[in-house]
**Q** 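Quick one: the structure is below, questions incoming.
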Amino acid sequence: MAQSKKWKESRRAFRRSLKNGWQTYKRSKIGLVGLGIIIMFVVMAVFAPFITPYTPYYTAPSVDIIRGDIYNITLQNSASWIYAPVGIMNYVTAPGANINLTSVLIYNDIGQVQIFPVGYNYTSQKILKIYLKSPTNYSIPKGITSLYETGTYMASFMNANTFIANSSRNFYILDSNLKVYRNFSLPFTIQEKSIFYNNPFIMPSVGQYSLISFSHGNETILYIFYNRQLNYFGMPQPIHKIPLAKLYINTSERVINSPLIYLNPNDVSNGYLNTSQIIIPTNNSLVSYGFNIKMDPGYEALGFNVPQVVSEPYVKWIVNYTDDHGQSYLPLSITYGYDWGDSPGIQSTVVVGTNTNEIIGYSRADGKMVYDKYFVVSNPSLKDYKLQALYPTNGGIIFAYATLGDRSLVALINPSKGTVQSNGTFYNVLEGALNSIPTYDVGSSRYITSTTAGDVYLLQPNMVINQTFSIIGGMKTPINGLGNILSYTAQMGYYYGTITNSGQLYMQETIGTNIAPLPPGKYPSENTYILGTDAYGRDIWTWLVYGSRAELVVGIVAALSSVLLGTFLGLISGFYGGWVDSLIMRITDIFLSLPGLVIMLILAASLGPNIWNIIFVIAILSWSGITRIIRAQVLSLKTRAFIDAARISGASKYRLMMVHIFPNVLPLTFLYMSFGVSGAIITEASLAFLGMGDPHAVTWGMMLQYLWTTGHVLDAPWWLLPPGITITLLSLAFYLVGRAFDEVINPRLRRR
Amino acid sequence: MAEVILKVENLKKYYELSRGLLSFKKPDVVKAVDGVSFDLHEGEIIGLVGETGCGKTTTGRVVVKLENPTAGSVIFKGQDITKLEGDALREFRRSVQMIFQDPFESLNPRFTIFKTLIEPLIVNGIGETYEERVDLAVKALEEAGLKPGEEYLDRYPHEISGGQRQRVAIARALIINPKFIVADEPVSMLDVSIRAGVLNLMLDLKEKYNLPIIFITHDIAVARYMSDRILVMYLGKVVEEGPTESIIFDPLHPYTRALLSAVPVPDPERKHERIPIKGDIPSPINLPPGCRFASRCVYFQKGVCDVKDPELREIKKGHFVACHFVEKILSGEIKATREEKTKHES
Amino acid sequence: MAGLARYYIIRTLESLVTYVIIVAVVFWLLYLYQPNPLILLNLNPQLTPSQKEYLANLFGFNKPLWERFFIYMWDMLTFNFGISYYYVQPVRDLLIQRVPRTLLLFGGATIIAYLIGYFVGTVIAWKRGGVLDGSNVVIGLVFYNMPVYWLGMIFIFLFAFQLHLFPLANFYDPTDKILGTVVGNNPPLGIYLLDVLWHTALPMIVLTLISFAGTVLLMRTSMLDVLGENYIDTAIAKGLKEKDVVFKHAARNALLPLVTSFVISMAFAIGGGVLTETVFSYQGVGLLFIQALGLLDYPVVEATTIIIALLVIIFNWIADLIYAYLDPRVRVA
């Protein structure tokens, strides 16, 4: 009760003096301006998360930063194109063919094909432009569900590109003008159409052979084609014996997945290509059929191996769907893998992904189980993902795909061990389910795949996401099959193509140029950067706002420490006098003579770049300025009568110093504190600029440092100007407050 | 006979002027107070009068132990306070207080009146509760003529007038019930119209509490009004001492006579003979031997006045003078010379 | 005058003592930075083993700490700085090359800033308010609170890059063309000086802008004090023209704080020169220092710190001497 009364009385008096001081302060316009600016920055600092759309650690997505070519066009009759695959063709046409070198091709199941030309500079070997506006239209038979370009692997003679297409009932070979060259009826009707499990299975050419198989029910038919067009004495010859061979297999059980085919072109004896296999997964077991291909003796004399006859398939081995514990499983996906050192085409391990999340490898030669591993990655929290499929990639590595909810786990499997590469660390998690077969692009060393979330991912060989592209408008067309990424030579650029949900054909360069720092504006990712971004894609406005926090803290703490230290030293020095005074003054002189910035830099370099070290360094080299002044003030106060009066009353020296003198020195202290904050802000900015700042701190000085070290001083004014302006403003504000406060405590200075 | 509260014996205070590092001469000495003695009795007001630089303020400061003397002693309650330390010193501090010349300077500008007043209480541990202290403060203020006391408690010095400030200073001096007070020019910086009030207050307090006061002033008229006894000082020594009326109506020392004659008398009838003081007060550094007033005395006699320093001698009852030729001046044997003697300016 | 001489002697002694103490402090600072400088020595592949040995002996790296300290003190005080790890040149040569450049830049800027201060400040005080006064305060304060390197970057962007009025960086550039002739590697003195001036111009302008506010304000305050004195009124009453009074009499008397402040400003400018020199790639002492710090070039870091400290002390000393000469009150220390 007594205490509260005492507080109330002293508060009343104190409040009155504050009010008087404020009246005087208010008269100074510059003081109000300064105070206003400071309040603005404090509000900024406090409400930072509410006034910035991002956090300081947010970097702009690739779609904003990487500026590659983007082409798009709305297709006519877009509804008919929405699921159409997109591909970039790169082939040499036969003379007279009117399909362009390097084009973009789309086809749909009502028999329409559009080919868009690509402008290409032969000398520099660079793509100039994709002409989406002027496609050439072609027709192919209706009902085509897949179209596959056979490529030009062995083109020593005239090369005619062939296309292989199938519908549910027919199987076609098209020439380079997409005209039907040969048509075969399939012995059965294929009804299932699935994106993942290619039906037919088209095996990449082995040597000069192409193999295509179709399965339905228990039946499987395998066609073997000879790719080359024979040219005898320089004259084009029609392709003989197409298909060169046909193999019909009727398993006892329903085929549940695409078979694997293995053809060894080097194992020739007795006119037969030996040891070929077709491995068919049925719903009961995995059956491996062996078969031989007999060469046509007529052409042997010419030096060509033309297979003519296929011997009847025989069962090589059967594997039951039982894992190594004796548990039965269902195979989800089988593929093949091979060790490095094997030449391509010699697949040595049949790898099965099961519904029990196991990866089981069987030796292709004899069906023995080589390994049975659980599909696990090194992060145990991802153990609940369910394996969905395995895909072969170039280089023999197997791409595994698992899902949990609406997220996908992708990982690379070592085919000879069955485990995720590199101790389970080559994995990543993507949003959405995969909706395209992951493809490995040799040229750019990236895996490309897409997900139902509408994103296209470029993954590095260790599964780290290299870039993400969001398809504006989402996409229905998967990145697959015909969508070979054009990457045979780096000069041509790297593109992917897709058709969006709204029927736009959309082509984008996957490896573009980094155009950060971005000028202010709206960007493809729907992000708006009101002040643009820096070279790392970080939003400038966000950094500006969050930076005010660090600036205020650094400025105030550093200034407060230095001013308090200086004041106390000045107090002691002035009050006690004698040797204490001499000592302190000597030390002060030395500190005053130290070249500030230079010593601060050495100290900062020694102590380490940490924001608290910076504060310490600034404080330790600023206190000496105020000590002299405080000491002078104390000396003059010491002689004043009220000190004598207090001394006569019996006050101890300590009491005299702290209770009587100190409050009279306080206004000076506050004054210099204000100037101190102003200086500390500039000093922090200077230290940061010279590389001694805290690299984890978000300050305006660091913004300028990044600007300087990334060399964008001359080309990013939106990055150069704002931090400097805010530094100037805040420093100026404290300076003005100090000047106005000076008028309050020094009535002399007031304008008459 | 009233009791002797304070006894000052042969008080000396010399200051050495520092000459810096590279000097080989002996440092100069300022003899601010050079042998002052007096007694302070209970209930009496002594006036210490003199020009600027005569040492009266220094004497006052030594008596309250703001400074320590070079020689001599100040006896209070049987103890020589110049030698006091620690608790005894603190005890002494409770017994004496000082009122300063500049009322604004003597109050801490950052303290409220209340805080100023209770400072002596806090330091000396008087008053246990906050209420007690408030009471004491209010009482002191009202004693000093500031009514109602509560209203002044949370004002700041710059919010009240000069006269009020001095009253606060008086209140502060009284609040711990000192045994005597030293007042150093308490009204010189106040407006003339206010002086009377403050002086009368002090007289009242003296009456009420039998409080002895050492009243230091350069204004002899004020000294006359306030003091029971007057000591006239010049350049560190007491040149004349006696009861007020005796000094005023019968000044004996040439200096005193000159001082009094300089006071204007608002009576055109009264014959007024001005006795001049020649020249300026000499520098107190390195005084020449002999009587201090010699260089300005119109009765200067070479051979005596510049050789020997006169002692205080009782000429009339209770009335002491320090001059070689008092009697001869009174009798007219030595006349005032009117020539300006310029050689003794220093 | 004896007082003055004595004061000079005392101040000189004090400055010497301060200098020696600072040299010692630098040693301990660098010890904090890298307690074992042999590591730094060995990091640099450009030094030959014999050079390394020479340096190790020169600085006493192999000896215990206190011995090293005394060797260091002796070396530094005799300006024996050794060889730079990075440039593989005697540090003294590097300093001799660079110190004049720094002095040119900062000296020039300070002189110009103070000249502006002198004239503008006088005029402002004379006119007592008005547009010039207010705008000076505002503009000057804004410039004063800008980070100097930021202003430098903006100026480089505007005047060097966009408008091509000044070169982008460096102290001089043999590929420059001055008055139609290419400067080349061994230019005649006149051409060389012109090229240097052209390169120095932009940083000097920036530095001047930053500091002119302070000098104008200082002169203005000082002038106002002087103009308020009675003798000015007397002079005007005597019939002297106001302009003469202001410029011939008042301004001269108001010079004192300006002169001492000028010398102290030089001290500060040199101490903070690192920033300006970095942003303009101006090969002076400051840039040498910061590069050496990054390169862990121990001898250069030591030497530049000490030289900069020495310059600061020298200028402070000169300021004290001038001030004592002009204001007798100071001598009674």
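To find a chain, count down the sequence lines: A is the first, B the second, and so on, and within it residues start at 1. Computed from a predicted model, the values in this text were never measured in an experiment.
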**Q** Around A:Trp623, counting heavy atoms of other residues, nucleotides and ligands shown, do more than 12 lie under 6.0 Å from its CH2?
**A** yes
**Q** Quick one: of C:Thr304, C:Leu151, C:Thr278, C:Val26, who has the most non-hydrogen atom pairs under 4.5 Å with chain A?
**A** C:Thr278
**Q** At a heavy-atom separation under 4.5 Å, does A:Ser593 approach chain C through its side chain, its backbone, both, or neither?
**A** both
**Q** If I measure from the heavy atoms of chain C, does A:Met692 come under 4.5 Å with its side chain, its backbone, both, or neither?
**A** side chain
**Q** Determine the option with the most heavy-atom pairs under 4.5 angstrom with chain C, choosing from A:Leu707, A:Ile725, A:Leu729, A:Asp589.
**A** A:Ile725
**Q** Output the distance between atom OG1 (C:Thr18) and atom CG (A:Leu592), rounded to the nearest 0.5 Å.
**A** 10.0 Å
**Q** Find the one option among A:Asp715, A:Leu714, A:Ile682, A:Leu603 whose heavy-atom pairs under 4.5 Å with chain C are most numerous.
**A** A:Leu714
**Q** Check whether C:Phe143 gets within reach of chain A through its side chain, its backbone, both or neither, counting any heavy atom under 4.5 Å.
**A** neither
**Q** Does some side-chain heavy atom of A:Leu721 sit less than 4.5 Å from a side-chain heavy atom of C:Trp150?
**A** yes
**Q** Chain C: which of A:Pro723, A:Ser686, A:Pro717 shares the most heavy-atom pairs with it under 4.5 Å?
**A** A:Ser686
**Q** Can you tell me how far apart CG (C:Leu275) and CG (A:Leu687) are? Round to the nearest 0.5 Å.
**A**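 Nearest 0.5 Å value for the CG-CG distance: 8.5 Å.
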**Q** So which atom in A:Leu736 and which in C:Leu141 form the shortest heavy-atom distance, rounded to 0.1 Å?
**A** CD2-CD1, 3.6 Å
**Q** Could you look at C:Val312 and say if it's the side chain, the backbone, both or neither that has a heavy atom under 4.5 Å from chain A?
**A** side chain
**Q** Answer whether the closest heavy-atom distance between the side chains of C:Phe289 and A:Ile602 falls below 4.5 Å.
**A**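 Result yes, sub-4.5 Å side-chain heavy-atom pair found.
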**Q** With a 6.0 Å cut-off (strictly less than), is the heavy-atom count around OH of C:Tyr72, excluding the residue itself, greater than 12?
**A**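 Atom OH in C:Tyr72 is crowded, with more than 12 foreign heavy atoms closer than 6.0 Å.
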**Q** Under a 4.5 Å cutoff for heavy-atom pairs, which residue among C:Ile290, C:Leu30, C:Val148, C:Asn316 has the most contacts with chain A?
**A**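 The residue among C:Ile290, C:Leu30, C:Val148, C:Asn316 with the greatest pair count is C:Ile290.
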**Q** Do you know the tightest heavy-atom contact between A:Phe689 and C:Val279?
**A**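 Closest approach of A:Phe689 to C:Val279, heavy atoms only: CZ-CG2, 4.1 Å.
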**Q** If you draw a 6.0 Å radius around CH2 in C:Trp28, do more than 12 non-hydrogen atoms from other residues or ligands fall strictly inside?
**A** yes
**Q** Search all heavy atoms of C:Pro147 against all heavy atoms of A:Gly724 and return the closest pair with its distance.
**A** CD-O, 4.4 Å
**Q** I'd like to know if the side chain of C:Tyr149 and the backbone of A:Leu690 have a donor-acceptor N/O pair within less than 3.5 Å.
**A**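 Here the side-chain-to-backbone pair does not exist.
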**Q** Start with the C-alpha distance between C:Leu29 and A:Ser606, add both sets of side-chain angles, then the distance that settles side-chain contact (heavy atoms from CB on, under 4.5 Å), and finish with yes or no.
**A** CA-CA 8 Å; C:Leu29 263 183; A:Ser606 318; 5.6 Å; no
